[in-house]
Amino acid sequence: MIDDDQNKLLGEYAESQIVIWSFPLYAFGMPGHLKTFLDRTVPLISMKMVETEKGCRHVRCSGVCSRHNVVICGCGFPEYEHNFDGLKVQMDLSFRNLTAVYVPQAPLMNIEAAKPVAVPKAEAFVQAGIEYNDAFSLSPATVEKLQSLMIPKDVYIQAHNSSWD
């Protein structure tokens with residue numbers, strides 16, 4: 001038995017209408033501490049199984065099915081393709097009512113010299129928050145804008161690699 005805040009968090013999680021999962025991509029997935037939290041939500045599911053279009057799943061309890069989940073994940077790689085594939089599968093299988101945004105080149109958001117490209121991306125996230133608040137979803141155009149590259153891939157790679165020379 002682990003003596004921590006999990007029971008309190010589990011209660012809050014079970015009663016929430018929206019959960020926003022925002023984290024960096026680690027080893028092509030969610031960071032270990034978040035995965036541990038997700039693993040420890042097992043008490044919210046029944047051991048009874050049902051067959052779904054995605055295969056057999058445990059029956060969810062405690063309003064978990066109706067909750068909206070928003071995943072915002074950034075990575076330091078220069079492109080979107082292939083880097084988020086494992087995480088996307090995990091999130092699609094873990095959550096219903098999922099809105100997900102996967103952001104390549106995320107470290108640019110914290111670099112002073114990158115402000116000309118980072119500020120418009122940050123403003124797009126603010127607008128996305130307003131859109132989500134109004135509709136509990138994001139349009140494909142909004143998701144595409146949030147997931148788009150801030151600078152060309154080759155420029156990103158060159159700048160990244162120059163810091164390691």
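Residue indices begin at 1 and follow the sequence shown. Side-chain atoms are counted along with the backbone in the values below, which use heavy atoms only and exclude waters and symmetry mates.
- With sequence neighbours excluded, no residue forms a salt bridge (Lys or Arg N to Asp or Glu O under 4.0 Å) with Glu51.
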Name the atoms and distances for all side-chain donor-acceptor pairs under 3.5 Å in residues 102-111, with sequence neighbours left out.
unit_1	atom_1	unit_2	atom_2	d
Gln105	OE1	Met150	N	2.8
Gln105	OE1	Ile151	N	3.1
Gln105	NE2	Pro78	O	3.1
Gln105	NE2	Ile151	O	2.9

Exercise answer: donor-acceptor pairs, residues 113-121 side-chain atoms, under 3.5 Å, sequence neighbours excluded:
unit_1	atom_1	unit_2	atom_2	d
Lys115	NZ	Glu112	OE2	3.4
Lys121	NZ	Lys145	O	3.0
Lys121	NZ	Leu146	O	3.0
Lys121	NZ	Ser148	O	2.7
Lys121	NZ	Ser148	OG	3.3

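- Contact record, Val143 with Ala100: CG1-O, 4.1 Å, taken as the closest heavy-atom pair.
- Remark: Glu144 pairs with no residue by the salt bridge (Lys or Arg N to Asp or Glu O under 4.0 Å) rule, at least two apart or across chains.
- Under the side chain to side chain contact (heavy atoms under 4.5 Å, CB included) criterion, Leu34 pairs with Trp21, Phe23, Met30, Pro31, not counting sequence neighbours.
- Taking the six-membered ring for Trp and the full ring otherwise, the centers of Tyr13 and Phe37 sit less than 6.0 Å from each other.
- The closest side-chain heavy-atom distance from Thr99 to Asn69 is not below 4.5 Å.
- Using a 4.0 Å cut-off between charged side-chain N and carboxylate O, Lys88 and Asp92 make no salt bridge.
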Distance-only criterion, 3.5 Å: show the donor-acceptor pairs between side-chain atoms of residues 122-136 and protein atoms not counting sequence neighbours.
unit_1	atom_1	unit_2	atom_2	d
Glu131	OE1	Thr142	OG1	2.6
Glu131	OE2	Ser139	N	2.5
Glu131	OE2	Ser139	OG	3.4

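- Here the side chains of Asp5 and Asn7 are not in contact, with every heavy-atom distance at 4.5 Å or above.
- Contact detail for Ser16 and Val19: the closest heavy-atom pair is OG-CG2, 3.2 Å.
- For OH of Tyr80, the number of neighbouring non-hydrogen atoms (other residues, nucleotides, ligands) closer than 6.0 Å is greater than 12.
- Residue Leu98 is not grouped with residue Ile72 when hydrophobic side chains (ILVMFWY) are merged at heavy-atom distances under 4.5 angstrom, including chains of intermediate members.
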Give the C-alpha distance, both sets of side-chain angles, the deciding distance and a yes or no for side-chain contact (heavy atoms from CB on, under 4.5 Å) between Asp154 and Gln158.
-> CA-CA 6 Å; Asp154 60 327; Gln158 182 180 16; over 6 Å; no
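- Between Arg40 and Asp4, the closest side-chain pair of non-hydrogen atoms falls below 4.5 Å.
- Nearest heavy-atom pair across Gln147 and Val101 is OE1-CA, 3.6 Å.
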